[in-house]
Structure formats: C-alpha cells, structure tokens
Peer 1: 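Just dropping this structure here.
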Amino acid sequence: MLDIKFIRDNTDKVHRAVNARNDTAPIDEILSLDIQRRQNLRRLEELRRERKRLTKGKDEASRHAGRILRGQIKSLEDCIRGTDEKLNDLLLRVPNIPQDCVPEGKSEDDNITIRSHGRPREFDFTPLPHWELGEKLNIIDFEAGARISGSRFYVLKGAGATLQRALIDFMLDLHTRENGYIETYLPIMVRREALVGSSNLPKFADNLYRDVEEDFWFIPTAEVALTNIHRDQILPPGSLPLYYVAHTPCFRREKMSAGKDVRGIKRGHQFEKVEMYKFTTPETSNAELEKMVNDAEEVCRRLEIPYRVKELCTADISFASTRTYDIEMWAPGCNEWLEVSSCSNCGDFQARRANIRYRNQPDSKAEYVHTLNGSGLALPRVLISVIENYQCADGTIEIPPILESYIGAGFIS
RNA sequence: GGAGGGAUCGCAUAGUGGUCUAGUGCGGGCGCCUGCUAAGCGCUUACGCCGAGAAAUCGGCGUCGAGGGUUCGAAUCCCUCUCCCUCCGCCA
C-alpha cells in the first residue's frame, strides 16, 4: 500500500504510475476523501477536547452539556469511520509505483529480454509435447486427475512423481546449502489479513480458493505466508537481510485465464512451487533482487536447460512490485518459452500492509523493510521443460545429470 | 467439541467508574559520585494521527489484545471477536 501522505505530496507521480500500469485506481477520489477525513478529524478533536474539559466539572450543567456533546461526537465518529473504511479500501487497491528504470510499455510484448543462456537443442526427430510423452510413459495421468477433481487437475505417477520430488529436493538443497536461505514449512491455509498483507486481497479475491465456514484461504503462492512471518514486528538492528525458502502447493482459480493453456500441466488449479523470499533494508533491495534472480537462474543452469531473463515493463509488473524479472525456460515440445520464475522487489509496499519494520540502531526510529519474492522455481513448468528437453527418439527421457543422485536412475522409460 | 484462566508502556507487575496526565521494579539512555570493579544517587525512557513551523520543536487527539456499547466520564462495567495457557473428549 502507498502512504496516503505520499499520494498527497506526489499526486502527479502516482497518476503517471497508475496510467503506466493500465490501472484504474481512483486517485482523485482518494484525495478528496482524505481532505474530507482530515477536516472532520479536526472538528472531532475539538469536540473531544471540550468533553475532556467538561468531565472535570461534575455539576448538573456540565453533565447536561456533556450529554449534548456525546451525541455530536458519536455522529461525527460514525461519519469519519465511514470515510476511513472507504478510503482504506480504495488505498488497498492502488498498485505500487514502478521504479524509474522500469521500461515503459503497454503490454507484455514490451518486456525486454536482457540476457539468455544456452541454446535450444537441435532434434533429429520431432520433439513431442509433454502431455504426449507423459501419457506414453504413464507418468502423467490427465484422466485420473479429471476423475478425481475435474479439469485442470492431473496425477503424476511413478517416475513423474519422483522426478517432481527430486526437483523440489534439488532446489531446496541448492537454496539452503549454497544460497543462504532458511528452509521453512508453512501454513497453506491462511487468514484473510495475511492476504491483505501480501496484497492479494482485496483486489484479487476472485483468483483464490477459500473455506467459507472458517474463513481460511488457500495460498496462491508461498509468498503470502512468507510475507506474514514477521507481520507486526520490528526487526532488531543487524537482523537484515533475511532469506527464506519454502516448498508449498499453490492454489489458483484461474478464472481470468479460462480456456487458456488447457492442455498439459502448464496451468492447473493446484501446483507445487519453491519460493524464495527476502526481507531487506531499503538501501540493499535492488542489489538483493539481482542476487535473487541469479539464484533462480542457477537452477536452470544446473539443469542445463536454455533460459532467458526478461525485465518486465510497467504494464506487466505485478500489483505490489516496483521492478520484476521473469525467467523463461525453453520447452521444445510445446515450442514455447515457459515462465518458470518471477522475481520482484516490492519495496515497502507489502511491509506497510503487513506492518513489518526494522531498526537500524537500537535507538533509531523503526522503518519499513523492503520485501522481495521470487520463484525458485515453479515445478510443473520445470517438469515440462525437463521432460521435453531430455526426451530421446525412442520416447524415453534422460535424467538431467544434476538429478541422478536424487533419482537413482539415468532414464525414465 | 466441552470446561476454565489470561492478554496493561522493551520485560515483569499494580490498578474493580473521576485523584490514571497509567504507578512500581527490572532493563535501556544521560548525568553525578566513587582511586579499579561493583554498588549508590539524580534525571530520563512508547507509538500513531491532526495542526503550526525552514527546522529543532511545540500544541491537540487517540492508543491498556481488536471492535462495538453503557456513562457527563471507561484500563476498570456489558457485548462480539482474535490470540495464548490449563484440563477433558476426539484424532494423524
């Protein structure tokens, strides 16, 4: 969330940012509500001051005057509560300001490829898409998924399930042992406030699953739970940066993407992801973003799969982000680059929502931390890439060398 | 699921309608004293918002888990919710 004071003092900048994102947040309405709120607040404070004074005198005249004041104070409080609620709801729907270095753009077509690694493999046969390979090898069962849960669900069997587990283990080992992240096991059902903190609510409610009876919500990404690890805390001097990594299932309704990517395992309602998350000081967050992207890229490099890194333009960075890099892995069977990671610096946007601060010195003022999140990586798409890149002419799949020790075999057949 | 107990200024505690402008101890900070250390003495010790100011700062309002209510007046009384603890039941 943006500070209302910031919107007040930088109205033009906020307008430009909202436009650059193709967003429609009602900044002018917010500003007029803010003026209204402050006017009423001043009046209310005067009335309360008067009440305080009257309370000292216990005679009947004071009581009578107090009774009148009580009514005025109450109705003014109700009025302010109303504008506060409206204002707060609108503020929660204003997107973050992109950094000045983020390229201007109108759509994802304006994202910029900033580097790539590896070359797509040359095949001397026509590479098959993973859904065909998966069914032939009996390691992905779409029918069973549909039987159990309907469309956009699948079952991984045998070596398919083992391969996914090996990938998860490999990624967690890399991030914890070499990249310095703390492994976490997280709740995947969370309370509403957690999703407000991570900025999935109120704006993106229609992409979430929830249990109505208990008001538990299923996380669309581990980022939600990780953001809230330090909710309402002031982190002591010297504790930053903090690196966390988690493997969790993720749940998304994909209402907005109805009819898109319906084949294969690219876009399901439930999928596994390894997520990296950092809490940093404002001074270091951009440098930490570069490191985080590199940590994600390292997964691709060790799997020896071609990938490219894109810097997202203003229209395509996510709601909470000030700056985002996507990593796309090559998938020769479906013949496309698959988004396997998105790494974002959210600045103090989530920290303000979740009230996460730190102190630089024991006696210095508490400041909001910066938060960063990045997939490291999203499993189904990596699975697709591995299967399609490592397929052989006879329909078997080679195991990437880095995973052999995790799987105990060199082939899936 | 049932029965109880609890949440107060960093920590520990006091506070059952006005004297709470929330006390005390510990811890922290500043200073004094003491030939070292320890002890002692004095002062100090939160956050948010609104307003004024170039700023240091000043004034006001709010905050005793959260939100409502009763009252001229609420940390204190009532209601709802959240979290923590104890016991019983059930369960991987």
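What you see is a predicted model, and the numbers here were worked out from it, not measured in a lab. Just so you know, these numbers use all the heavy atoms, side chains as well, and skip hydrogens, waters and symmetry mates. Lettering of chains follows the sequences in order, A, B, ..., and the numbering in each one begins at 1.
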Peer 1: Using atom P in both nucleotides, what's the gap between C64(B) and C58(B) to the nearest angstrom?
Peer 2: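 Their P atoms lie roughly 25 Å apart.
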
Peer 1: Could you work out the separation of G10(B) and U71(B) based on their C1' atoms and round it to a whole Å?
Peer 2: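 The same atom, C1', in both gives a distance of 35 Å.
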
Peer 1: With P as the reference atom in both, quote the distance from G29(B) to G18(B) in angstrom, rounded to an integer.
Peer 2: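 It works out to 38 Å between them.
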
Peer 1: Could you check how far CD1 of I73(A) sits from C1' of A74(B), rounded to whole Å?
Peer 2: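 One finds 14 Å between C1' of A74(B) and CD1 of I73(A), rounded.
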
Peer 1: Over how many whole Å does the gap from E50(A) atom CD to G60(B) atom C1' extend?
Peer 2: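 It is 14 Å, rounded to the nearest whole Å.
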
Peer 1: Between G29(B) atom P and K365(A) atom NZ, what is the distance in whole Å?
Peer 2: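 Rounding to the nearest Å, NZ of K365(A) and P of G29(B) are 21 Å apart.
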
Peer 1: Closest to the R63(A) side chain: G48(B), C61(B), C72(B)?
Peer 2: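 Nearest to the side-chain atoms of R63(A), counting from C-beta on, is C72(B).
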
Peer 1: Heavy-atom count check: over 12 atoms from other residues, nucleotides or ligands less than 6.0 Å from K86(A) NZ?
Peer 2: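 Count not over threshold, so no.
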
Peer 1: Does the distance from a Lys or Arg side-chain N to an Asp or Glu carboxylate O, for D215(A) and R191(A), drop under 4.0 Å?
Peer 2: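 No salt bridge links D215(A) with R191(A).
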
Peer 1: Counting only heavy atoms not in H15(A) (residues, nucleotides, ligands), do more than 12 fall under 6.0 Å from its NE2?
Peer 2: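 Yes, the 6.0 Å shell around NE2 holds more than 12 heavy atoms from other groups.
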
Peer 1: For the pair Y244(A) and H230(A), name the ring-plane relationship: parallel under 30°, tilted 30 to 60°, perpendicular over 60°.
Peer 2: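 Ring orientation of Y244(A) relative to H230(A): tilted.
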
Peer 1: Quick one: which protein N/O atoms are closer than 3.5 Å to N/O atoms of nucleotides 49-57 of chain B? Pair and distance per line, please.
Peer 2:
{"residue": "C50(B)", "atom": "OP1", "partner": "R8(A)", "partner atom": "NH2", "Å": "3.1"}
{"residue": "G51(B)", "atom": "OP1", "partner": "R38(A)", "partner atom": "NH1", "Å": "3.1"}

Peer 1: Distance alone, cut at 3.5 Å: any donor-acceptor contact between the side chains of Y307(A) and R301(A)?
Peer 2: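 Side chains of Y307(A) and R301(A): pair found under 3.5 Å.
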
Peer 1: Looking at N373(A), T280(A), N96(A), N286(A), which one forms a side chain to side chain donor-acceptor pair (under 3.5 Å) with N345(A)?
Peer 2: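 Looking at N373(A), T280(A), N96(A), N286(A), the match for N345(A) under the side chain to side chain donor-acceptor pair (under 3.5 Å) is N286(A).
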
Peer 1: Which protein N or O atoms sit under 3.5 Å from an N or O of nucleotides 76-83 of chain B?
Peer 2:
none

Peer 1: For F279(A) and H370(A), I'd like to know if the aromatic rings sit close, meaning centre-to-centre distance below 6.0 Å.
Peer 2: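 Ring-ring flag for F279(A)/H370(A): false, centres at least 6.0 Å apart.
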
Peer 1: Should the ring pair Y181(A) and Y243(A) be called parallel, tilted or perpendicular, given that the plane angle runs from 0 to 90° and is split at 30 and 60?
Peer 2: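 Aromatic pair Y181(A)/Y243(A) classed tilted.
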
Peer 1: Can you check the distance between C26(B) and U82(B), where both ends of the measurement are the C1' atom (answer in whole Å)?
Peer 2: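 Result for the C1' pair: 30 Å, nearest Å.
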
Peer 1: Can you check the distance between U19(B) and G73(B), where both ends of the measurement are the C1' atom (answer in whole Å)?
Peer 2: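 Looking at atom C1' only, U19(B) and G73(B) are 14 Å apart.
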
Peer 1: With 3.5 Å as the limit, what N/O pairs link the protein to nucleotides 64-71 of chain B?
Peer 2:
{"residue": "G68(B)", "atom": "OP1", "partner": "R81(A)", "partner atom": "NE", "Å": "3.0"}
{"residue": "U70(B)", "atom": "OP2", "partner": "K74(A)", "partner atom": "NZ", "Å": "2.5"}
{"residue": "U71(B)", "atom": "O5'", "partner": "R70(A)", "partner atom": "NH1", "Å": "3.4"}

Peer 1: RNA chain B: A366(A) or E46(A), which has the more 5' nearest nucleotide?
Peer 2: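 Residue closer to the 5' terminus by nearest nucleotide: A366(A).
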
Peer 1: Does the gap between the ring centers of F153(A) and H269(A) come in under 6.0 Å?
Peer 2: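 Ring centroids of F153(A) and H269(A) are less than 6.0 Å from each other.
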
Peer 1: Taking only the side-chain nitrogens and oxygens of K52(A), find out if one of them lies under 4.0 Å from OP1 or OP2 of G62(B).
Peer 2: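 Indeed, a polar side-chain atom of K52(A) lies that close.
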
Peer 1: Under 3.5 Å, is there a donor-acceptor pair linking the side chains of T176(A) and E183(A)?
Peer 2: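 No, no side-chain donor-acceptor pair sits under 3.5 Å.
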
Peer 1: Could you measure between the two P atoms, the one in G23(B) and the one in U44(B), and give it in whole Å?
Peer 2: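 Per the computed distance, 12 Å lies between those P atoms.
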
Peer 1: C9(B) and G48(B): how far apart are their C1' atoms, nearest whole angstrom?
Peer 2: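 Result for the C1' pair: 14 Å, nearest Å.
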
Peer 1: Could you check E46(A) against R42(A) for salt bridge (charged side-chain N to carboxylate O under 4.0 Å, His left out), going step by step and ending with a plain yes or no?
Peer 2: CA-CA 6 Å; E46(A) 270 171 46; R42(A) 245 170 298 162; over 6 Å; no

Peer 1: So does D78(A) pair up with R81(A), basic N to acidic O under 4.0 Å?
Peer 2: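 Between R81(A) and D78(A) there is a salt bridge, with a charged N closer than 4.0 Å to a carboxylate O.
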
Peer 1: Sticking with atom C1', work out how far G42(B) lies from U34(B), rounded to a whole angstrom.
Peer 2: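 G42(B) and U34(B) have their C1' atoms separated by 15 Å.
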
